[in-house]
Amino acid sequence: MRLLVTGGLGFIGSAFIRLVVRERPDAQIVNLDAMTYAGNPANLRDIEHDPRYSFVRGEIGDPAAVAQAIGEGIDAIVNFAAETHVDRSILDPEAFLRTDILGTHTLLEAVHERRIARYLQVSTDEVYGDVASGHSREEDPLRPRSPYSASKAGGDLQVLAYRATFGSPVLVTRGSNTYGPYQYPEKLIPLFVTNLLDDEPVPLYGDGQQIRDWLHVEDHARGILHVLEHGALGEIYNLGGGNPRTNLEITRRLVEGCDRSMESHVRHVADRLGHDRRYAIDSSKAMALGWQPRVDFEDGLTKTIAWYRNHEAWWRPLKSGEFLEYYRRQYAHREEESVGE
Ligand code: DAU
């Protein structure tokens, strides 16, 4: 199988490439990545010289870069490339529309023109919006509420429109909150762990009662590969971890895991604008296809904390330069509006 992976220097994309290299010895992988702030060559250091792997630097919205990555031809595209951070989409939405909608469109055009046999769009449970009760299923209406999730929903709808209009061989996966090694430290778990290891406070938004469903990155990568290989064309598959937790529960666990205390290290700061309270997806369709998460959450979280503890050389350089400027923009006003304990 000749595979084009886009965004393969990111968190989930790099886990997927490592998985394919490990478990599909016949696969050839081309990685097309724009190397924006979260695309990190260090994520694939261990396989970058593997003869089955090659790299093209470019944006998915650039038809010339996509053509270069496709080269003589490929069998499948898996699209991980995206702007992914909700808080950044509130500060600066335009890049999200460009990559998550227009970038997806450029890839779909290539799939159509080059007659590529399979295209998998990596999407998110956030497209269903806030779910007060019950669990979202694949046929539920999309009610995205942030510039990020609206952009991802726009991408999904383009993918499904190409199926309906041109019969394109597409698949969509919608994953829940993902955690594990190599996650850029803007997201809740790596941000809090690295702050705590540095003896710095952690900014918990609002009352901390928001619920997310946590999925280990290995399980997420495995789910995407499973859907790519076994999914029915035109179908959507939810991939949920089955580990719903409030942010406060997660914070308590991380604080304990880093040997700190809630009183001294947790700041209750101003909430995210339009913050979704709860995501919850029903993954029975992917399970009926033969996938299920394997990593026990408590064990996975303990090992994730240990990974950041033991890989300071990986994350330390990321928490400088652009990150510090972003952190100031994102959090300075929040601390001022701190809501206390
Ligand atoms: O649900 C899947 C989604 O999970 C993905 O589609 C997104 O790309 C990914 O970023 C993630 O979105 P979230 O907004 O849920 O992830 P984040 O790690 O930013 O936040 C998790 C929760 O923690 C959320 O309720 C906001 C809260 N939070 C986050 C940060 C960064 C805080 O309380 N304080 C923080 O500083």
Side-chain angles (χ1 to χ4, degrees), residues 7 10-13 38 80-91 96 99-100 121-131 135-136 142 144-153 155-156 172-180 183-196 200-217 220 223 238-241 243-255 265-281 283 304 319 323 326-335 338-339:
F11 168 48
I12 309 174
F80 292 90
E83 291 290 336
T84 66
H85 196 44
V86 177
D87 291 319
R88 286 187 193 251
S89 83
I90 294 167
L91 291 177
F96 290 73
T99 302
D100 301 359
Q121 174 80 350
V122 178
S123 187
T124 166
D125 62 358
E126 298 205 11
V127 296
Y128 298 114
D130 193 60
V131 190
H135 292 79
S136 308
L142 304 188
R145 301 177 68 253
S146 74
Y148 160 67
S149 52
S151 301
K152 286 299 287 184
D156 285 18
V172 177
T173 57
R174 294 186 177 143
S176 66
N177 275 66
T178 306
Y179 74 101
Q183 188 169 28
Y184 189 81
E186 65 189 351
K187 304 287 202 275
L188 177 74
I189 290 180
L191 175 68
F192 280 22
V193 171
T194 54
N195 277 14
L196 291 163
E200 296 288 336
V202 297
L204 184 63
Y205 297 163
D207 61 7
Q209 293 304 322
Q210 305 83 5
I211 294 176
R212 297 291 183 268
D213 172 13
W214 294 94
L215 172 66
H216 194 274
V217 67
H220 196 165
N238 288 341
L239 301 173
N243 301 296
R245 299 285 188 284
T246 66
N247 292 339
L248 188 61
E249 285 170 326
I250 295 289
T251 303
R252 203 167 276 130
R253 218 8 213 88
L254 301 179
V255 164
H265 282 79
V266 179
R267 302 277 181 280
H268 289 261
V269 300
D271 209 347
R272 175 183 279 175
L273 297 178
H275 198 172
D276 288 336
R277 291 294 279 184
R278 176 176 178 265
Y279 301 132
I281 47 176
S283 306
T304 298
K319 291 187 100 175
F323 181 87
Y326 161 76
Y327 202 79
R328 195 194 52 72
R329 263 181 95 198
Q330 190 63 254
Y331 291 98
H333 72 282
R334 284 208 157 97
E335 302 255 349
S338 172
V339 291

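Start at 1 and go down the list; that is how both ligands and their atoms are numbered.
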When you pair each N or O of ligand 1 with protein N or O atoms, which pairs come out under 3.5 Å?
{"residue": "ligand 1", "atom": "1 (O)", "partner": "Asp125", "partner atom": "OD1", "Å": "2.5"}
{"residue": "ligand 1", "atom": "1 (O)", "partner": "Asn177", "partner atom": "OD1", "Å": "2.7"}
{"residue": "ligand 1", "atom": "4 (O)", "partner": "Asn177", "partner atom": "OD1", "Å": "3.3"}
{"residue": "ligand 1", "atom": "4 (O)", "partner": "Asn177", "partner atom": "ND2", "Å": "3.3"}
{"residue": "ligand 1", "atom": "6 (O)", "partner": "Thr124", "partner atom": "OG1", "Å": "2.6"}
{"residue": "ligand 1", "atom": "6 (O)", "partner": "Tyr148", "partner atom": "OH", "Å": "2.6"}
{"residue": "ligand 1", "atom": "8 (O)", "partner": "Thr84", "partner atom": "O", "Å": "2.8"}
{"residue": "ligand 1", "atom": "8 (O)", "partner": "Tyr148", "partner atom": "OH", "Å": "3.1"}
{"residue": "ligand 1", "atom": "10 (O)", "partner": "Thr84", "partner atom": "O", "Å": "3.2"}
{"residue": "ligand 1", "atom": "12 (O)", "partner": "Glu126", "partner atom": "OE2", "Å": "2.7"}
{"residue": "ligand 1", "atom": "14 (O)", "partner": "Arg272", "partner atom": "NH1", "Å": "2.6"}
{"residue": "ligand 1", "atom": "14 (O)", "partner": "Arg272", "partner atom": "NH2", "Å": "3.3"}
{"residue": "ligand 1", "atom": "15 (O)", "partner": "Asn177", "partner atom": "ND2", "Å": "2.9"}
{"residue": "ligand 1", "atom": "15 (O)", "partner": "Arg212", "partner atom": "NE", "Å": "2.9"}
{"residue": "ligand 1", "atom": "18 (O)", "partner": "Leu188", "partner atom": "N", "Å": "2.8"}
{"residue": "ligand 1", "atom": "19 (O)", "partner": "Arg272", "partner atom": "NH2", "Å": "3.0"}
{"residue": "ligand 1", "atom": "23 (O)", "partner": "Asn247", "partner atom": "ND2", "Å": "3.3"}
{"residue": "ligand 1", "atom": "25 (O)", "partner": "Arg212", "partner atom": "NH2", "Å": "3.2"}
{"residue": "ligand 1", "atom": "25 (O)", "partner": "Asn247", "partner atom": "ND2", "Å": "2.8"}
{"residue": "ligand 1", "atom": "25 (O)", "partner": "His275", "partner atom": "NE2", "Å": "2.7"}
{"residue": "ligand 1", "atom": "33 (O)", "partner": "Tyr205", "partner atom": "N", "Å": "2.9"}
{"residue": "ligand 1", "atom": "34 (N)", "partner": "Pro203", "partner atom": "O", "Å": "2.8"}
{"residue": "ligand 1", "atom": "36 (O)", "partner": "Pro203", "partner atom": "O", "Å": "3.3"}
{"residue": "ligand 1", "atom": "36 (O)", "partner": "Tyr331", "partner atom": "OH", "Å": "2.7"}

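- Here the CZ-OG1 distance, from Arg212 to Thr178, works out to 12.5 Å after rounding to the nearest 0.5 Å.
- Contacts of Asp87 classified as salt bridge (charged side-chain N to carboxylate O under 4.0 Å, His left out), with partners at least two apart in sequence or in another chain: Arg272, Arg334.
- Every residue meeting the salt bridge (charged side-chain N to carboxylate O under 4.0 Å, His left out) condition with Arg174, not counting sequence neighbours, appears here in chain and number order: Asp156.
- Using a 3.5 Å distance cut-off with no hydrogens or angles, the side chains of Tyr279 and Glu126 do pair a donor with an acceptor.
- Between Lys187 atom NZ and Thr84 atom OG1 the span is 3.0 Å, to the nearest 0.5 Å.
- By the salt bridge (charged side-chain N to carboxylate O under 4.0 Å, His left out) test, Arg88 is found to be paired with Glu186, Glu322, residues two or more places apart in sequence or in another chain being considered.
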